[in-house]
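What follows is a single structure, written as structure tokens, with notes after it.
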Amino acid sequence: MTAPSTNTAKPATGILALLKTAFINALVALVLFSLMVGIRTEAGSSGQLTYWTRFGELASLVAIVFGGSIVIELLRQWIGPTGAEKLVPPALQSGMSLIGRYLTPALLIFTLLVPVIFYDQRYILDLAILVLTYVMLGWGLNVVVGLAGLLDLGYVAFYAVGAYSYGLLATNFGWSFWICLPLAGILAAFWGVLLGFPVLRLRGDYLAIVTLAFGEIIRLVIINWQELTGGPNGVSGIPRPTFFGIPLDNSDEGFAARLGIEYSPTHRIVFLFYLILALALLTNWVTIRLRRLPIGRAWEALREDEVACRALGINTTTTKLTAFATGAMFGGFAGAFFATRQGFISPESFTFQESALVLAIVVLGGMGSQLGVALAALAMIGGFELFRGLETYRMLVFGMAMVLIMIWRPRGLIGHRAPTVFLTKAQAISSDLVKEGHG
Amino acid sequence: MNGDKILTVDRLTMRFGGIVAVQDLSFDAERKKITALIGPNGAGKTTVFNCITGFYKPSAGAIRLAHDDGRVIALERLNDFRIAKQAKVARTFQNIRLFPGMTALENLMVAQHNALMRASGFTLLGLVGAPGYRDAEKRAIDLATDWLRRVNLLDRADDAAGNFAYGDQRRLEIARAMCTEPALLCLDEPAAGLNARESAALSELLLSIRNELGTSILLIEHDMSVVMEISDHIVVMDHGVKIAEGTPREVRDDPKVIAAYLGADEEEAVAVMESGT
Ligand SMILES: Nc1ncnc2c1ncn2[C@@H]1O[C@H](COP(=O)(O)OP(=O)(O)O)[C@@H](O)[C@H]1O
Ligand SMILES: [Mg+2]
């Protein structure tokens, strides 16, 4: 940890400020912990109050806080956004922009080739499908949170609506996946509008809490409406997707038999992979297009300044509703995919944890950035698997990693906004200027 | 005043709980003219603007907007975005409200939202890239470019509005309001924070908006050099009521106006009197 002091322009004041911050933090810790830890009270044998002091523990805790604040402050200075530009040499910077230019096509080509490269590794294929599902969910939620700036903590509700729409329509009426997919999207969008109406006047924290409640309500309705949804038992026997009518199974009319190749269960996995990839890319394509249309610009303007939008004659109500509906529709598509992939759905899959995970992906990715969200989904879902070996410590390591990334990049992995229209040259806009929205 | 009136404010009253911010205020704004609303801080000028532009619902009174085609719109019955959309009243804010994370050009494109929305078939035609929408977007960019040129910001079209200097932000906000192609433009202290050179440029811009485009302007301003130079008619407010109105010359010599400014803020009173010499 000597690097930062050599890199800062005025190490003396830097160190002084550092020590001051650490000292203040330690002082706060001392005040807090002196009662919580320093003095221990207990009811004695005859009911009298006995107490004893634990100054040793208190001292070590305060020391940890002191040391910890120094380390965090150093980390912030070392890799934090303020000094980042100065610390990265120009050669490396141009190299990074080169990487930036080719990253998207390279990632896309790699993704297209995943089933070819990892054909024999079922585990990786399954993981890739999972990652892509979250990429799609992240992109869907990004419309609401990243573009329109509406904090939605109940996104999983639309995922659930999509999944149950397909599950119930397919098991009850025998409708095929390709008919149910748009229906699932439409139904989810419909619920998005229904949710949108009551919460339109709410902002920020209030909006977040109501959307969170909405997510829970949907889950509780699913659990309790037993006749329709099967309650906690869920819906099982959901038909697997077909290759446009041709089942991907071992039968005589199956995909393999028709092509005259040997049947393998991997066919279905590969098909699912390309299906979710296509759905995710559709989400991406539509979002990118919408951003460049008046509706998308109005979403972003809403995030920037709602009052100004109204002064310009923009109907903020319908603008918010379309954002909710669009995001919900993509969530519904993803839900239908989830149902056909699992073959079984139950309320357990649609808890608040899912909403939080998708939101974390959007925030980590850099709100509004499509590439950032994709990278964040890969990092979060992939990283989560990577730490599987650590067992109990997995959550701890994972949480630490998140904290470090947010210190390093408080505005997410991709910290700039691309303009939707330009006269001479499109310049990336620093995220410092871009508002996060306030509800 | 017996000219052609675009805006008629009739006995407007706005109360906030016990506070009466505007009381029984009546005045008119003439078509294709610049009407200034002046008065010391806290006189209720911004509140009047908020009532006209639908951000506040007046406690009492009527606000009528008469369009060129004879349509008369009761503004107090329309709310927020409809006043800008249907009645074609655009405004700027005392504390600038641009979209800081969007480029100057994008800011002006957002201002043309309603026209572009219609052209994009409420998004469906735009999504499939219909040629009609492409043309409309090109026209919108042309209009935005035109306004960027007028406010002298063309070379900064692709910069984020949040990066602009204060004076540039003020001009960009006016350009954005003008991109809605308003019948009445309401400006809340557009010269606040500008230096003398920028104020002069602003006066010129407002005069060109009135003379070349024939847009009626309602202006709140403290900078007396601007007000006295460009206003056709001035309404003076103090403590929520109108204390005087008339031409710049009449207002300048009105003892009530001078007293109001003297009572509120000496510097401003001096500014009023000095601008007369
Ligand atoms: N939303 C509001 N709630 C309560 N009081 C308000 C509100 N808006 C304005 N006022 C009061 O109305 C009076 C006039 O304010 P304002 O119209 O901003 O004055 P001006 O623009 O002339 O400086 C002030 O006393 C202010 O406190
Ligand atoms: Mg004011």
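Here is how names work: the chains are called A, B, and so on, in the same order as the sequence lines, proteins then strands, and each is numbered from 1. In this text, all values refer to a predicted model and were calculated from it rather than measured experimentally.
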* In Å and rounded to the nearest 0.5 Å, what is the CZ to CD distance from Arg297(A) to Gln112(B)? -> 9.5 Å

* Structure fact -> Smallest heavy-atom separation, Val110(B) atom then Leu312(A) atom, equals CG1-CD1, 4.2 Å

* **Within 6.0 angstrom of Tyr206(A) OH, more than 12 heavy atoms from elsewhere** => no

* residues 140-150 of chain B: residues contacting chain A (heavy atom under 4.5 Å, by number) -> Ile141(B), Thr145(B)

* Which bit of Trp299(A) comes within less than 4.5 Å of chain B, counting heavy atoms only: side chain, backbone, both or neither? -> neither

* Of the backbone (N, CA, C, O) and the side chain (C-beta and beyond), which part of Arg417(A) lies under 4.5 Å from a heavy atom of chain B, both, or neither? -> side chain

* chain B interface, residue from Ile314(A), Val286(A), Ile295(A), Thr424(A) that has the most non-hydrogen pairs under 4.5 Å -> Ile314(A)

* If you count heavy-atom pairs under 4.5 Å with chain A, which of Lys85(B), Met117(B), Arg91(B), Glu137(B) comes out on top? -> Met117(B)

* Structure fact -> Between Gly101(B) and Glu304(A), the two heavy atoms sitting closest are N-OE1, 2.6 Å

* To do: Grab the two heavy atoms, one from Arg97(B) and one from Ala308(A), that are nearest each other, plus how far apart they are.
  => O-CB, 3.5 Å

* Asked: Non-hydrogen atoms of chain A under 4.5 Å away: do they reach the side chain of Ile83(B), the backbone, both or neither?
  -> neither

* Asked: Do Leu154(B) and Leu423(A) pass the side-chain contact (heavy atoms from CB on, under 4.5 Å) test, and can you show the C-alpha distance, the side-chain angles, and the key distance before you say yes or no?
  -> CA-CA 9 Å; Leu154(B) 189 55; Leu423(A) 268 194; 3.8 Å; yes

* Contacts with chain A made by residues 169-183 of chain B (heavy-atom distance under 4.5 Å), listed by residue number -> Arg176(B), Thr180(B)

* To do: Say whether, by atom type as modelled, one donor and one acceptor occur between the side chain of Asn315(A) and the main chain of Phe81(B) under 3.5 angstrom.
  => no

* **Check: Thr420(A) main-chain N/O paired with Glu106(B) side-chain donor or acceptor under 3.5 Å** => yes

* For chain B, find which of Pro419(A), Ala301(A), Ala298(A) contributes the most heavy-atom pairs closer than 4.5 angstrom. => Ala301(A)

* If you take all heavy atoms of Ala311(A) and Ala84(B), which pair is closest and at what distance? -> O-CB, 3.2 Å

* Asked: Within a radius of less than 6.0 Å around CZ of Phe55(B), do more than 12 heavy atoms belonging to other residues, nucleotides or ligands occur?
  -> yes

* Quick one: what part of Asn114(B) sits under 4.5 Å from any heavy atom of chain A, side chain, backbone, both or neither? -> side chain

* **Neighbour count >12 (heavy atoms, 6.0 Å) for atom CZ, Phe197(A)** => no

* Asked: What part of Ala157(B) lies closer than 4.5 angstrom to a heavy atom of chain A: side chain, backbone, both or neither?
  -> side chain

